[in-house]
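Below is one structure; the comments refer to it alone.
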Amino acid sequence: MIHSLFLVNSSGDIFLEKHWKSVVSRSVCDYFFEAQERASEPENVPPVIPTPHHYLISVLRHRIYFVAVIQSEVPPLFVIEFLHRVVDTFQDYFGVCTEAAIKDNVVVVYELLEEMLDNGFPLATESNILKELIKPPTILRTVVNTITGSTNVGEQLPTGQLSVVPWRRTGVKYTNNEAYFDVVEEIDAIIDKSGSTITAEIQGVIDACVKLTGMPDLTLSFMNPRLLDDVSFHPCVRFKRWEAERILSFIPPDGNFRLLSYHVSSQNLVAIPVYVKHNITFREGSSQGRFELTLGPKQTMGKGVEAVLVSSQLPRGVLNTNLNPTQGTYTFDPVTKLLSWDVGKINPQKLPSLKGSMSLQAGASKPDENPTINIQFKIQQSALSGLKVNRLDMYGEKYKPFKGIKYMTKAGKFQALLSN
Amino acid sequence: MTDSKYFTTTKKGEIFELKAELNSDKKEKKKEAVKKVIASMTVGKDVSALFPDVVNCMQTDNLELKKLVYLYLMNYAKSQPDMAIMAVNTFVKDCEDPNPLIRALAVRTMGCIRVDKITEYLCEPLRKCLKDEDPYVRKTAAVCVAKLHDINAQLVEDQGFLDTLKDLISDSNPMVVANAVAALSEIAESHPNSNLLDLNPQSINKLLTALNECTEWGQIFILDCLANYTPRDDRESQSICERVTPRLSHANSAVVLSAVKVLMKFMEMLPKDLDYYGTLLKKLAPPLVTLLSAEPELQYVALRNINLIVQKRPEILKHEMKVFFVKYNDPIYVKLEKLDIMIRLASQANIAQVLAELKEYATEVDVDFVRKAVRAIGRCAIKVEQSAERCVSTLLDLIQTKVNYVVQEAIVVIKDIFRKYPNKYESVIATLCENLDSLDEPEARAAMIWIVGEYAERIDNADELLESFLEGFHDESTQVQLQLLTAIVKLFLKKPTETQELVQQVLSLATQDSDNPDLRDRGYIYWRLLSTDPVAAKEVVLAEKPLISEETDLIEPTLLEELICHIGTLASVYHKPPSAFVEGSRGVMHKRLPARTGSGEGTECPDVGNAAGGSAPEAAPSIIPSQGDLLGDLLNLDLAPPTTTGPTPSTSGMQMGGMDLLGGGLDSLMDESEPLGGDIGGSPAMGAGFGAAPTVMPASLNAPVGGGLGDLFDLGGGVGMPMGAYIPPKTVWLPAMKAKGLEISGTFARRAGVIQMELVLTNKAMSVMTDFAIQFNRNSFGLAPAGPLQVLTPLGPNQTIEVSLPLSTVGPVMKMDPLNNLQVAVKNNIDVFYFSCQYPISMLFVEDGKMERQVFLATWKDIPNDNESQFQIQDCHLNSEAASNKLQGSNIFTIAKRTVEGQDMLYMSIKLSNGIWVLAELKVQAGNPNYTISLKCRAPEVSQCVFQCYEAVLKN
């Protein structure tokens, strides 16, 4: 199982180590540093590194490497999932997961790590159990603790840990009972030069924030559940019921959680919400190139496209650009050759465009790389796949909760290619 | 105020200051001091000097302080074992605390203190906690057993904790079950041959129930444990699959992948025409695709596994090509894996799309990725013949870009395309030659030189081109030098007139000026060839080359099967069997996919003497590794190729000498594990006794082995018996899947007094098999090969050979269960394989088994009635006469016949090869198809087997 954990910052310093079994010398991380040096980009460090006596499994999040050391045959996904869970927990506790935040809360961090693994076996990883064991630091509590001498370690056995619904603690009380669900879809797509789709898929999630008293039992039904053929559920969802009736039935955890994530692949028709028209030319032998880019809404179901941001890695041969946006601002970094254009909202009547010239290295031949354009955007109040919640019911408790459902579409990895 | 203040003190007297604070009277100050100590510890400062002071803070009601002190203890107890003893009392007290949280915390912490002295004190509290009323404490205690085992394995075994742990698998709380499974799996890893996790249908059911209710991590442990189970038949495997499939929708990718492993393994047992099989295939695709939308690290592991899955079952993902298209901001390690899978999935249907993508990748920035993309185009050409032309033109386009490394890669793959499709695309050579000067990498240069040499007759200036390379011969890498040498020799053989000078130049460079022995040797060989026999040289150097195939990069099928059983583990990431890299995995079992068995077969298996209560009797073709203790011994044996002994028993002494080596090795092991059945096996030293002198034998009347020697003569005497003995039909003993392509089926027969093992060897692998040899483990009747396995010609792929192996009955003896079980090891040039089979005991019935009437009567009376057993033979429609004749064919002799009230009583005698006499009374009533048979024998163990023979003989 998981032997030790080292946290390494971007400058290659180990700033925290935790051992769940015998102590492993931190020199084991030298193998990791070697791999880090070989990698061209920080994110290119391979996730599994063998060393003569151990294996290092690492994830990179928030520019911190979480390096787990294992000694025997352990499923690597198990380790990676656990590391991600550690990061999520830190973020949950401290708001951010940075080196400074971890150092500021080192005792809590240590207590958390100690509770999350026992001898390398996961112990308590559910956030609401952990929060009962170790209270998250708040300014108020720190002050109170210093005055009264009380601690932020819970005195009670976390009740949820052994119940049939380990994700929910008992005795939850709220004055305002509310349940919010956010349906968020990210579209990943690759569009070729002619505007036709090479791949397009939607990654959707339903995130929930449920603050309900007692032990509520919720059911959520959809207008079009057939869209959801590839789903991953939170453990609270009763799978049998979903199989039989296509209804989500569950006792929700308390607070924020991800109820469901789903995947709508290219087999179903994925609507492409924006289009790109572009014309980028380099003439052989000339030190000038033309750059023209126009964006427009395509299939947005009547909703506006907002927060549009276009970025592109221009060829190395481009020295500088002289472009005019019809709206928003653009920047070009001559060192990294990164062009980025903050467009804002797309007005269908007056399409935003970016036109102008690029100066190229004199005498150099036509650049051979083909730039790609990345587009980010948001569409409020619409789920691109067309997924719609039909109704949300609560059983098991008497009060009437306040219910809310929100839809949003975002661009994930949305790319337009400039070659054929 | 934050915790970062704990890091700020870097003054010299830090330790001293902390010491003072720890001993402060104020609780607050104490706690702050402990926090500071912990903070220093986490950043690797040595604060072990404070040990006694920190331990003093342990006796507190404050839970946080207690936890902090525990943390400190775990870290430093090892370096201060004597001090750590001071803490023991508090632990023991805490284990009795009314609060289960404290109990659990105490037992948890104690397990983490890796000090031998402390572990002794831990046993009692741990035993209590394993039976605690609170499941939270039980589950913590379960993990503690694994911790303790890590520190002192012997102690855990002596204290019986392993059994308690096994009991916890049936605990009512799913979390306890999951932790018990996890702890057992970890312990089992260091005990490869233990039966810690032997699962039966009941425990499987328990696990499947717990699976639905435990935490995600628990699910991973349980699924991994399930994957080690082999279901009895397809129905069981289907029902497990049905209960595992919901896990595919879990949010935790490790759960998903472990579920995929279970399904991939158990699917193997399902008949392909089953509807459920198709449904299952369809269900597997979406979760695998979903894994690819997770974080890149998860994607990487998923992709490595998908790579295995598409090799095993390409049909699962054949429509999902697009999800493997590379996104520009994927990390490089994800990109490279995706490319690999794209090629595996490439087919005629999607090749256009794939090529368009690959061409796109070839213009990207990352050099490694671009290179691999170009190579991928070449692999597509080789894999999908229809696309070859398009691939070649794509490669030519890429060469036109003149990007140095693209050109070089393209040339390397074009060389491969030439080798796959000779005489098809040579028109592009001209284009390639234009780029000669830009090649600076050895592989590309070597490839180009190969092309020039191979097609020298079509390239007008081939000699000039090669000459230009020759100028810097000494600066080239070995690869290029060797290639250049060969290419110039080829050129010379094709155009001898113009290139004589060139070839002399290269030969002298290679042989005289080079330090590389490979190069020098090759140079000399060519030189000698060219000077002695140019025709032969032509035949050698310009020989037709075998076509390369796409299969070169596939994982070998047996390895693939093993890796499929290890989906989700490190082995699957490295594509190597766990034995190849996991440290300390001595004797790791090779896992194999289960063979498909129909549910019918399982129930038909004869219920033979199952006295020892060990593993249930298995159907005949079972592989030895699934069996008990003997396995380890057998596995350690190395089969020596048999010496050429004749098939006659007279020379078997020599053969036995060989066997004895095995026997002796087994003995020492056997002595510890299980004493031999004195009745049949004789003394444990029997093997050695045989080896030294066959005459030295326990002469006790009841020891059936005693007759072994006498039997040798019997064999000779019995030649020429009239009727054929019963020979059972051939069955498959060793399926090809389990033996790297070697399939063995066979049967046993007694022909003219000689016992023969009739084997059919089939080579279902791709390569030729040679060097066959066979050896038996010790068995109940001392069967041993009387000669070597006569497979004189190599066995080519898809060839079948029938061999008949004469057997002697003078080998070492050991009682087997069932009695007629025979464990066999077969060796060929590839590996050693083990299987076990059951022989009909009738082949041991010797020809002089007819007893004198008086002797029969006396013996019948002499054998105590306890030794008599009665059986029914049903549905036999022979009259007594026919039955008697039939039985005689198998050396079952009728001595007397009596008719009482229309019932024929037949009295018969049988003598076994080891001298055991079996007396029988068969009652046949006219018109009644059911016979009654009573068997009397001094060794009643054999009765069951003898009865089976009666049944087999009479019904066939």
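Within every chain, numbering begins at 1; the chains are lettered A, B, ... in the order of the sequence lines, protein sequences first and strands thereafter.
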Original post:
Does any heavy atom of chain A fall under 4.5 Å from the side chain of B:Pro246, the backbone, both, or neither of them?
Top reply: both
**OP:** Below 4.5 Å from any heavy atom of chain A, which atoms of B:Val370 appear? Answer side chain, backbone, both or neither.
**Re:** neither
Original post:
About how many Å separate CG of A:Asp118 and SG of B:Cys144, when rounded to the nearest 0.5 Å?
Top reply: 8.0 Å
Subject >> Separation of A:Asn44 CG from B:Asp330 CG (nearest 0.5 Å) >> reply: 10.0 Å
**OP:** Just give me the residue among B:Asn252, B:Val573, B:Asn179, B:Asp366 that pairs up with chain A most often, heavy atom to heavy atom, under 4.5 Å.
**Re:** B:Asn252
Original post:
For A:Lys21, is it the side chain, the backbone, both, or neither that has a heavy atom closer than 4.5 Å to a heavy atom of chain B?
Top reply: both
Original post:
Can you name the closest pair of heavy atoms from B:Ile220 and A:Pro75 and give their distance?
Top reply: CG2-CG, 4.4 Å
Original post:
Measuring heavy-atom distances to chain A, does B:Gln219 have an atom under 4.5 Å in its side chain, in its backbone, in both, or in neither?
Top reply: neither
**OP:** Specify the closest pair of heavy atoms between A:Ile49 and B:Tyr574, including all atoms of both residues, with the distance to one decimal.
**Re:** C-OH, 3.9 Å
Original post:
Minimum heavy-atom separation for B:Leu570 to A:Glu73, with atom names?
Top reply: N-OE1, 2.5 Å
**OP:** Using non-hydrogen atoms and a 4.5 Å limit, figure out which bit of A:Val48 sits close to chain B: side chain, backbone, both or neither.
**Re:** both
Original post:
Between A:Glu243 and chain B, which part of the residue has a heavy atom less than 4.5 Å away: side chain, backbone, both or neither?
Top reply: side chain
**OP:** Mind checking the CG-CD spacing from A:Leu83 to B:Glu295? Nearest 0.5 Å is all I need.
**Re:** 11.0 Å
**OP:** Verify side chain to side chain contact (heavy atoms under 4.5 Å, CB included) between A:Phe121 and B:Trp217, making sure each step is shown before the conclusion.
**Re:** CA-CA 8 Å; A:Phe121 295 105; B:Trp217 313 111; over 6 Å; no
Subject >> B:Lys283, part contacting chain A, at a heavy-atom distance under 4.5 Å >> reply: side chain
**OP:** Check whether A:Glu41 gets within reach of chain B through its side chain, its backbone, both or neither, counting any heavy atom under 4.5 Å.
**Re:** neither
Subject >> Donor-acceptor under 3.5 Å (A:Gln415 side chain, B:Lys327 main chain) >> reply: no
Original post:
How far does OH of A:Tyr110 sit from OH of B:Tyr72, to the nearest 0.5 angstrom?
Top reply: 12.5 Å
Original post:
Is it the side chain or the backbone of A:Arg258 that comes within 4.5 Å of chain B heavy atoms, both, or neither?
Top reply: neither
Original post:
What residue, out of A:Ile80, A:Ile57, A:Asn119, has the most heavy-atom pairs lying under 4.5 Å from chain B?
Top reply: A:Asn119
Original post:
Between A:Ile70 and chain B, which part of the residue has a heavy atom less than 4.5 Å away: side chain, backbone, both or neither?
Top reply: side chain
Original post:
Checking side chain to side chain contact (heavy atoms under 4.5 Å, CB included) for the pair B:Glu360/A:Asp192: CA distance, chi angles, key distance, verdict?
Top reply: CA-CA 10 Å; B:Glu360 190 67 41; A:Asp192 75 4; over 6 Å; no
**OP:** Name the member of B:Ala285, B:Ser253, B:Ala294, B:Pro331 that forms the most heavy-atom pairs with chain A at distances under 4.5 Å.
**Re:** B:Ser253
Original post:
What pair of heavy atoms forms the shortest contact from B:Tyr333 to A:Val45, and how long is it?
Top reply: CE2-O, 3.1 Å
**OP:** For each of A:Lys413, A:Glu81, A:Glu43, tally heavy-atom pairs with chain B at distances under 4.5 Å, and name the one with the top tally.
**Re:** A:Glu81
Original post:
Got a salt bridge between B:Lys66 and A:Glu111, using NZ or NE/NH1/NH2 to carboxylate O under 4.0 Å?
Top reply: no
**OP:** Evaluate side chain to side chain contact (heavy atoms under 4.5 Å, CB included) for A:Ser232 paired with B:His250, printing each intermediate quantity in order.
**Re:** CA-CA 5 Å; A:Ser232 321; B:His250 202 285; over 6 Å; no
Subject >> Under 4.5 Å from a heavy atom of chain B, the part of A:Phe233 involved >> reply: both
**OP:** Name the region of A:Gln203, side chain, backbone, both or neither, that has any atom closer than 4.5 Å to a heavy atom of chain B.
**Re:** side chain
Subject >> Flag if over 12 foreign heavy atoms under 6.0 Å of NZ, B:Lys402 >> reply: yes
Original post:
With respect to chain B, which residue among A:Val109, A:Leu60, A:Asn374 yields the maximal number of heavy-atom pairs within a distance under 4.5 Å?
Top reply: A:Asn374
**OP:** Find the distance between OH (B:Tyr70) and CD (A:Glu114) and round it off to the nearest 0.5 Å.
**Re:** 11.5 Å
Subject >> Part of B:Val143 within contact of chain A (heavy atom distance under 4.5 Å) >> reply: both
Original post:
Picking from A:Pro50, A:Gly412, A:Gly120, A:Ser261, which has the most non-hydrogen pairs under 4.5 angstrom with chain B?
Top reply: A:Pro50
Original post:
Taking atom types as modelled, is there a side-chain donor on A:Ser58 or B:Glu297 under 3.5 Å from an acceptor on the other?
Top reply: no
**OP:** Drop me the distance from A:Met1's CE to B:Phe221's CZ, to the nearest 0.5 angstrom.
**Re:** 4.5 Å
Subject >> Minimum-distance pair of heavy atoms, taken over all atoms of A:Pro76 and B:Val301 >> reply: CB-CG2, 4.1 Å
**OP:** Could you look at A:Tyr262 and say if it's the side chain, the backbone, both or neither that has a heavy atom under 4.5 Å from chain B?
**Re:** neither
Original post:
Quick one: does B:Thr215's side chain get under 4.5 Å of A:Pro122's, heavy atoms only?
Top reply: no
Original post:
Looking at B:Ala251, B:Ser185, B:Gly218, which one has more heavy-atom pairs under 4.5 Å with chain A than the rest?
Top reply: B:Ala251
Subject >> Heavy-atom proximity to chain A below 4.5 Å, by part of B:Leu298 >> reply: both
Original post:
Between A:Ile14, A:Ile190, A:Thr125, A:Val23, which shows the greatest number of heavy-atom pairs under 4.5 Å with chain B?
Top reply: A:Thr125
